[in-house]
Amino acid sequence: MYQFKILDDLVNLSHELGRESRELAILGEGNLSADVGDGTFWVKASGSNMASITPDGFSRVRFDVVLGLTAKENPTEKEIVDGLREALFDREMKQPSIETFLHAVGLKDTGAKFIAHTHPTSVLSILCSKSGAEPFLGQIFPEPIPICGTVPGVVPYVDPGFALAKAFRDSIRNYQDKHGISPKTLFMINHGLVALGGTAQEALNITLIADKWARILLGTMINNGPQYLTEQQVNRFVERLDEKLRQEQL
């Protein structure tokens, strides 16, 4: 059945992102989600390990219940916990991640089908610095442009969970108002990375390229700083037909 094909894709994506050598997420870090298309979505259960997760490490939840909770002004912690239980498609499933609210907002507000939230060591080395996300706001080499988007979104640091979901929504809507499209990549100050993809493979591609991007930025910082591409150079790359064909194949 379709919903279980999506779950298989999520499990495989989680294993790829959780590979220890990649330094994208360790222990219980990070979370993933995917829209089933019937008013529900799969999301990683609280505390599951991305590298070793099995299908029962994901919970299927209802959009209407989760988004209804985000409409509340200041719910209590008990209301949030009880609400997440209420949102379960099957009450036998595990407690969903506290970031379920973020995933519900991201899937609905951007139209993404898969969301991968990780804590790459390379990306956090920059986001936890006094520079914050500023180094990512210009392009320094071509590859991130079509994969991660011409300009990434930025989310300020907010306490993870319910409050973060609201800040996440604000950042997405501000981005849409400014650029006329939804972001593919969001950098969360002092927190991590969010990749929004139409497929599990796209979410993986965004994450891997963002990691490479951060590693190169870190290298430039010890060699007189990054040299950014001009707006004209960035736009030229976006318009190239051969690049569009390559991205379709990816």
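Side-chain atoms are counted along with the backbone in the values below, which use heavy atoms only and exclude waters and symmetry mates.
Dense packing is recorded around CD of Gln95, with more than 12 heavy atoms of other residues, nucleotides or ligands lying under 6.0 Å away. The environment of OH in Tyr228 is crowded: more than 12 heavy-atom neighbours from other residues, nucleotides or ligands sit within 6.0 Å. Open room surrounds CG on Asn224; 12 or fewer heavy atoms of other groups in view lie less than 6.0 Å from it.
Considering all non-hydrogen atoms of both residues, Ile206 and Ile147 come closest at CG1-O, 3.2 Å. When every heavy atom of Ala195 is checked against every heavy atom of Ala203, the shortest pair comes out as CB-O, 3.6 Å. Closest of all the heavy-atom pairs between Leu24 and Thr118 is O-CB, 3.5 Å. Closest heavy-atom contact between Ile140 and Pro226: CG2-CB, 3.9 Å. Of all the heavy atoms in Pro183 and Leu186, the pair that sits closest is CG-CD1, 3.9 Å. Summarising the geometry of Pro96 relative to Val43, their closest heavy-atom pair is CB-CG1, 4.0 Å, with the distance given to 0.1 Å.
Here the side chain of Ser14 pairs a donor or acceptor atom with the backbone of Met50 at under 3.5 angstrom. No donor-acceptor pair closer than 3.5 Å links the side chain of Ser48 to the backbone N or O of Lys44. Between the Glu99 side chain and the Pro160 main chain, no donor and acceptor come within less than 3.5 Å of each other. In this structure a side-chain-to-backbone donor-acceptor pair under 3.5 Å is present from Arg22 to Glu16. Checked by atom type and distance alone, the side chain of Gln176 pairs as donor or acceptor with a backbone atom of Asp109 at under 3.5 Å. Of the possible polar contacts, none joining the Ser97 side chain to the Ala45 backbone as a donor-acceptor pair under 3.5 Å is found. No side-chain donor-acceptor contact under 3.5 Å links Thr185 to the backbone of Pro152. In this structure, the side chain of His119 does not engage the main chain of Leu193 through any donor-acceptor pair within 3.5 Å.
Between Asp177 and Arg173, none of the side-chain N atoms (NZ, or NE/NH1/NH2) sits under 4.0 Å from a carboxylate O, so this pair counts as no salt bridge. Contact check on Asp170 versus Lys166 returns no salt bridge, with no Lys/Arg side-chain nitrogen under 4.0 Å from an Asp/Glu carboxylate oxygen.
Linking ILVMFWY residues whenever their side-chain heavy atoms come closer than 4.5 Å, directly or via other members, places Trp42 and Val61 in the same cluster. No single ILVMFWY cluster, assembled from side-chain heavy atoms under 4.5 Å apart, contains both Leu217 and Ile209. A continuous path of hydrophobic side-chain contacts links Ile98 to Phe41 [ILVMFWY only; heavy atoms under 4.5 Å]. Residues Leu102 and Leu84 fall within the same hydrophobic cluster, defined by Ile, Leu, Val, Met, Phe, Trp and Tyr side chains chained together at heavy-atom separations under 4.5 Å. Residue Val151 is not grouped with residue Val123 when hydrophobic side chains (ILVMFWY) are merged at heavy-atom distances under 4.5 angstrom, including chains of intermediate members.
For Asn205 and Gln201, the side-chain atoms include at least one donor-acceptor pair closer than 3.5 Å. No side-chain donor from either of His117 and His103 sits under 3.5 Å from a side-chain acceptor of the other. Glu134 and Ser131 share no side-chain donor-acceptor pair at under 3.5 Å.
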Worked check of side-chain hydrogen bond (donor to acceptor under 3.5 Å, both in side chains) between Arg62 and Thr40: CA-CA 4 Å; Arg62 302 199 303 272; Thr40 67; over 6 Å; no
Worked check of side-chain contact (heavy atoms from CB on, under 4.5 Å) between Thr207 and Leu17: CA-CA 8 Å; Thr207 305; Leu17 294 173; 3.7 Å; yes
Candidate pair Ser182 and Leu196, rule side-chain contact (heavy atoms from CB on, under 4.5 Å), full reasoning: CA-CA 9 Å; Ser182 295; Leu196 301 106; over 6 Å; no
Worked verdict on Glu202 versus Thr199 for side-chain hydrogen bond (donor to acceptor under 3.5 Å, both in side chains): CA-CA 5 Å; Glu202 184 177 22; Thr199 64; 4.9 Å; no
Chi angles and distances behind the side-chain contact (heavy atoms from CB on, under 4.5 Å) call for Leu127, Phe136: CA-CA 9 Å; Leu127 295 180; Phe136 292 106; 4.1 Å; yes
side-chain contact (heavy atoms from CB on, under 4.5 Å) evaluation trace for Leu107 with Ser33: CA-CA 8 Å; Leu107 292 168; Ser33 65; 3.7 Å; yes
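For the pair Val36 and Phe89, the minimum side-chain heavy-atom distance is 4.5 Å or more. For the pair Ser125/Pro120, no side-chain contact is recorded, criterion being any heavy-atom separation below 4.5 Å from C-beta on. When side chains are defined from C-beta on, Ile145 counts as touching Val234, because their heavy atoms get closer than 4.5 Å. Glu86 has its side chain out of reach of Glu79: every pair of non-hydrogen atoms, C-beta onward, lies at least 4.5 Å apart.
In this pair, Phe101 and Phe162 present their aromatic rings perpendicular. The plane angle is above 60°, beyond the 30 to 60° band.
Between Trp213 and Phe187, the distance separating the two ring centers is shorter than 6.0 angstrom.
Rounding to the nearest 0.5 angstrom, the gap separating the NZ atom in Lys113 from the CD1 atom in Ile115 is 11.0 Å. In this structure, the separation between CG on Leu13 and CD1 on Ile6 is 13.0 Å, given to the nearest 0.5 Å. For the atom pair Ser59 OG and Lys94 NZ, the distance stands at 8.0 Å (nearest 0.5 Å).
Residue Arg60 is tested with Asp90, Asp35, Asp38 for a salt bridge (charged side-chain N to carboxylate O under 4.0 Å, His left out); the sole match is Asp38.
Qualifying ring-ring contact (aromatic ring centres under 6.0 Å, His included) partners for His179, counting only residues two or more places apart in sequence or in other chains: Tyr175.
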